[in-house]
K.L.:
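The following block contains the structure, expressed as structure tokens.
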Amino acid sequence: SHLSPTFLLPTRLTPAAHAALLAQLAAHNVPLTPTPSTASLFLADINTPTRCRFELRTRGIMTEPEPLLTAPLRVVKVAWFTECVKAGRVLPIEPWTVYTATVCAVVVTPGPSPERVRVKETVREKERKREREREKVQAEEEQRRGVMERARRDGVRNAEEDSRWRSERSEYKRSVYGTRVTDEIIKLSKSAGRGARPSTPEYEEERIKARGIDEMPEWVRRNVKLSCCRSTPADSPNADFIAHLHTIRDHRTLTSDEVGIRAYSTAIATLQAYPYPLISSSEIVLLPGCNVKIAALFHSWLSSHTDPKLRTVPDVEKLKLNENLVGLAMLHRIWGVGPETAREWWFVRGWRNVDDVVEYGWKGLTRVQQIGVKYYDDFQKPMMRWEAERIRDIITHHATLLLPGTTTILAGSYRRGSTSLTDADLLISHPDPTQLAPSFLERLVASLETEGCINYTLRLDRTAPPGRTLQTAMLVWQEQQYDDVRLRTLRLPGRNANVRRRVDLVVTRPETAGMALMRWTGGGTWVRDLKTWCAERGWRVGAEGVWERDGERVGGIDGGLRREGEGWEEAERRVFVGMGLEWRAPGERCTG
DNA sequence: TGGCTGTACTG
DNA sequence: CAGTAC
DNA sequence: GCCA
């Protein structure tokens, strides 16, 4: 009661905890104020003054640090209050005070009010929780019924309902019966260990129909889980089914389900590496990174239709029709808009399309989001390989003017062989380590800007702390090729109709060229597994791809560009060797 | 039952 | 720190 | 969601 107007900052509090605390504060007659600008005491779960200042600033309250005795405003740990309650009396506030300050200005920001922030959190959390619950229920149901049980029952029912499946030599029939039998095998071999299979005569005939562990690729038999240790081509005989897993992973992305993203990425990478058309769900369970859930999805897909071209997974189709997800995906496609922002715009602000974003929120967007919105359409358009090559040639030209002897290579999906690209990743280096000044990237970007090739710099690593060997720039590119007719007849600068492209530049010192090339060639899961591979060996990847063990550089790994005319690929090859990995052509790293 | 690749910029 | 990107 |  003798306290000043108090505001509870919701930062880092769950909505439930926030609400509970508010109720508790009210119950103890703490004078709560609904507007932070009128408060002089803030309760918060924040540990640093810097963060306090930031939190207040986002609420339009500009502060300067001020000594405790004279400060009119202070931020205090929530724990102070809870301790007081526990002690049954008012404890000294000083030990819990994180930040003391004076207010220099209060700005009425057009941005979200604290209340909106709170609402935002609530909605977001609810959404996530709802998703989690839904999936948990679904998963439990899967477990309860059991893949095997379901496969068997469905197989029987289908066979009885439709005599076609019995009379025809349809692949479907074979697969259903194959499923039945091999599920038995899996059950046993999973528990008894790989390769342990029942050899009773009644299985002999059936085993021919479904692929057994002995007929699996070598990496399956060896249970190789990391995609960097096997070949993953771009084309898969199971592409149709894999596409459904992609849909689920996209959903997990939009709901910020990190674990789900990881799990489905692993499964996708495995199936993408699997060279045979899948016959049964039991076959899937043998694959590393795939288990009953993926098998259930496959079974669902397999039994959805006799015609492989028309097969679907009902649960996935529901996702595709979910208008919330469709909307979120659309907003998420804006460069600079991740899952959090997409959810806030869609659920809290109610923006339904990119035009809504422009109309109602333009001023509140970050700079890169504005650029992302501006070129929304262009950035969706795929780029042909020759375009990436042109970009490479132009940049190489400029780089060489700046520094003769510069060498470049296109990485990313271009190097993996994609025919259509979403961006161009260009690596730049020089065989002589003494030649690459820390400012090289900045000067190169400046040069390209002067030339008019670059519209915007989305991000640029400025001159780096000593020891950094690698710098990146993320750019918006537009080829300077004007409308010739207008230029000649009207003598006007024609309208440049060229599509804006995303271009990433990576300048690496020659010592780390091989590593950088690996990193930027991808794909995503491949690189992740590469890091896992190294972590399993006690190796660490430094920021610029320097390989260390206990602070020492790992012996034998030499991914440097050599002066003697050796190229990028050679450098990368030596990294493979040094890490004890078999060389994989870029086209075999298509982990999706 | 815990852990999941790892780093850097921006606001 | 949270969000985003590679 | 899968694995150790």
Side-chain angles (χ1 to χ4, degrees), chain A residues 9 11-12 44-48 50-55 57-58 111 117 121 124 132 135-136 138-139 142-143 190 223 225-228 245 248-249 252-253 256-270 284-285 287-297 332 334-344 364-369 372 411-413 422-423 425 427 457-462 464-465 468 470-474 502-506 515-516 519-536 539-546 591:
Chain A
L9 287 165
T11 314
R12 294 213 308 174
D45 185 20
I46 297 176
N47 297 318
T48 64
T50 316
R51 181 64 186 180
C52 293
R53 199 159 170 234
F54 173 76
E55 287 293 335
R57 199 182 48 178
T58 62
V117 170
E121 296 291 330
R124 188 186 298 167
R132 271 199 297 266
E135 266 138 26
K136 209 168 126 193
Q138 209 174 313
E142 297 291 6
Q143 295 284 355
K190 272 259 164 170
N223 199 21
K225 288 181 203 49
L226 301 180
S227 58
C228 55
L245 299 185
I248 300 179
R249 184 177 59 180
R252 302 299 192 263
T253 303
S256 294
D257 175 2
E258 299 301 327
V259 170
I261 296 169
R262 162 62 212 270
Y264 280 94
S265 295
T266 306
I268 288 167
T270 298
I284 288 196
V285 184
L287 307 180
C290 299
N291 210 320
V292 289
K293 178 66 187 192
I294 308 295
L297 287 168
H332 188 239
I334 301 171
W335 204 91
V337 175
E340 294 297 330
T341 310
R343 282 197 295 271
E344 194 207 318
L365 303 199
T366 67
R367 196 185 75 95
V368 295
Q369 285 167 350
S413 52
T422 57
D423 66 355
D425 299 300
L427 271 60
T457 302
L458 293 166
R459 216 196 74 184
L460 175 65
D461 289 2
R462 303 273 166 194
R468 285 257 322 250
L470 191 146
Q471 281 174 291
T472 63
M474 291 151 71
R502 280 274 304 105
V503 173
D504 287 348
L505 259 36
V506 180
M515 265 312 307
R519 163 68 181 74
W520 262 274
T521 297
T525 306
W526 195 89
V527 171
R528 200 193 55 206
D529 288 346
L530 184 72
K531 304 219 168 161
T532 304
W533 167 270
C534 291
E536 281 172 3
W539 300 342
R540 282 183 28 241
V541 191
E544 26 292 320
V546 178
T591 49

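Lettering of chains follows the sequences in order, A, B, ..., and the numbering in each one begins at 1. Quick caveat: nothing in here was measured; it's all calculated off a predicted structure.
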K.L.:
Whether A/Arg459 contacts B/dT7 is assessed here as follows: a side-chain N or O lying under 4.0 Å from the phosphate OP1 or OP2. Is that the case?
P.N.:
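No, no such contact exists.
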K.L.:
Distance between the C1' atoms of C/dA5 and B/dT5, in whole angstroms?
P.N.:
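Straight-line distance between the two C1' atoms is 14 Å.
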K.L.:
Would A/Arg459 and A/Thr472 count as having a side-chain donor-acceptor pair, cut-off 3.5 Å?
P.N.:
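Side chains of A/Arg459 and A/Thr472: pair found under 3.5 Å.
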K.L.:
Between A/Thr366 and C/dG3, is there a contact of a side-chain N or O with OP1 or OP2 at under 4.0 Å?
P.N.:
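Checking C/dG3 against A/Thr366, no side-chain N or O comes under 4.0 Å of OP1 or OP2.
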K.L.:
Check every atom of D/dG1, D/dC3, C/dA5 against the side chain of A/Trp335 and return the nucleotide holding the closest atom.
P.N.:
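The closest nucleotide is C/dA5.
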K.L.:
Starting at CG of A/Leu505, measure out to CD of A/Gln471 and round the result to the nearest 0.5 Å.
P.N.:
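With rounding to 0.5 Å, CG (A/Leu505) is 11.0 Å from CD (A/Gln471).
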K.L.:
Measure the distance from CZ on A/Arg519 to C1' on B/dT7 and round it to the nearest whole Å.
P.N.:
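Those two atoms, CZ and C1', are 8 Å apart.
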K.L.:
In terms of side-chain heavy atoms of A/Thr532, which of B/dT5, D/dG1, D/dC2 is nearest?
P.N.:
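Nearest to the side chain of A/Thr532 among the choices is B/dT5.
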K.L.:
By the 4.0 Å heavy-atom rule, please label A/Arg249 as base, sugar-phosphate, or nothing.
P.N.:
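Answer is nothing: A/Arg249 stays at 4.0 Å or more from every strand.
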K.L.:
Using a 4.0 Å heavy-atom cut-off across all strands, classify A/Val368 as base, sugar-phosphate, or nothing.
P.N.:
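Answer is nothing: A/Val368 stays at 4.0 Å or more from every strand.
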K.L.:
A/Asp504 has a side chain; which of D/dC2, C/dC6, C/dT4 sits nearest to it?
P.N.:
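Closest of the options to the side chain of A/Asp504: C/dC6.
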K.L.:
Using a 4.0 Å heavy-atom cut-off, does A/Gly260 contact any base of the nucleic acid, only the sugar-phosphate backbone, or nothing at all?
P.N.:
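Answer is nothing: A/Gly260 stays at 4.0 Å or more from every strand.
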K.L.:
For A/Met515 and B/dT7, give me the distance from atom CE to atom P, rounded to whole Å.
P.N.:
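After rounding, the reported distance stands at 11 Å.
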K.L.:
By nearest atom, which of the nucleotides B/dG6, B/dA8, B/dG11 is closest to the A/Arg367 side chain?
P.N.:
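My answer, after comparing the listed nucleotides, is B/dG11.
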K.L.:
What integer distance in Å separates A/Tyr264:OH from B/dC4:C1'?
P.N.:
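About 16 Å, once rounded to whole Å.
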K.L.:
Please give, in whole Å, the distance from B/dC4 P to A/Ile268 CD1?
P.N.:
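Interatomic distance, CD1 of A/Ile268 to P of B/dC4: 21 Å.
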K.L.:
Among D/dA4, B/dT5, D/dG1, which is the nearest nucleotide to the side chain of A/Lys531?
P.N.:
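Nearest listed nucleotide: B/dT5.
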K.L.:
I want to verify a distance call: between C/dT4, C/dA5, B/dT5, whose nearest atom is closest to the A/Arg528 side chain?
P.N.:
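Shortest atom-to-atom distance from the side chain points to B/dT5.
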K.L.:
Do you know which of A/Thr270, A/Thr591, A/Leu530, A/Ile268 makes side-chain contact (heavy atoms from CB on, under 4.5 Å) with A/Ser227?
P.N.:
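When side-chain contact (heavy atoms from CB on, under 4.5 Å) is applied between A/Ser227 and each of A/Thr270, A/Thr591, A/Leu530, A/Ile268, only A/Thr591 qualifies.
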K.L.:
Select one nucleotide: of D/dG1, B/dA8, C/dT4, the one nearest the side-chain heavy atoms of A/Lys293.
P.N.:
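That would be D/dG1.
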K.L.:
Report which part of the nucleic acid A/Leu530 touches: base, sugar-phosphate, or nothing (heavy-atom distance under 4.0 Å, all strands).
P.N.:
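Contact class for A/Leu530: none.
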K.L.:
Can you name the residues that form a side chain to side chain donor-acceptor pair (under 3.5 Å) with A/Arg262, not counting sequence neighbours?
P.N.:
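Per chain and number, A/Arg262 pairs via side chain to side chain donor-acceptor pair (under 3.5 Å) with A/Thr266.
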K.L.:
Rounded to whole Å, please give me the gap between CG in A/Leu470 and C1' in B/dT7.
P.N.:
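Computing the A/Leu470:CG to B/dT7:C1' distance gives 10 Å.
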K.L.:
Quick one: A/Glu340 CD to C/dA5 C1', roughly how many Å, whole number?
P.N.:
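Rounding to the nearest Å, CD of A/Glu340 and C1' of C/dA5 are 15 Å apart.
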K.L.:
Choosing from D/dC2, B/dT5, C/dC6, which nucleotide comes nearest the side chain of A/Arg502?
P.N.:
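Taking heavy atoms from C-beta onward, the closest nucleotide is C/dC6.
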K.L.:
Could you state the atom-to-atom distance from NZ of A/Lys225 to P of B/dC4 in whole Å?
P.N.:
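Rounding to the nearest Å, NZ of A/Lys225 and P of B/dC4 are 17 Å apart.
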K.L.:
Is it the case that the side chains of A/Arg343 and A/Ser256 hold a donor-acceptor pair, with the cut-off being a distance below 3.5 Å and no angle test?
P.N.:
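There is such a pair (donor and acceptor under 3.5 Å, judged by atom type) between the side chains of A/Ser256 and A/Arg343.
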K.L.:
Starting at atom CG of A/Leu226, determine the distance to atom P of D/dC3, rounded to an integer number of angstrom.
P.N.:
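After rounding, the reported distance stands at 12 Å.
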K.L.:
Between the side chains of A/Thr422 and A/Arg502, does any donor sit under 3.5 Å from an acceptor?
P.N.:
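A/Thr422 vs A/Arg502: no donor-acceptor pair found between side chains.
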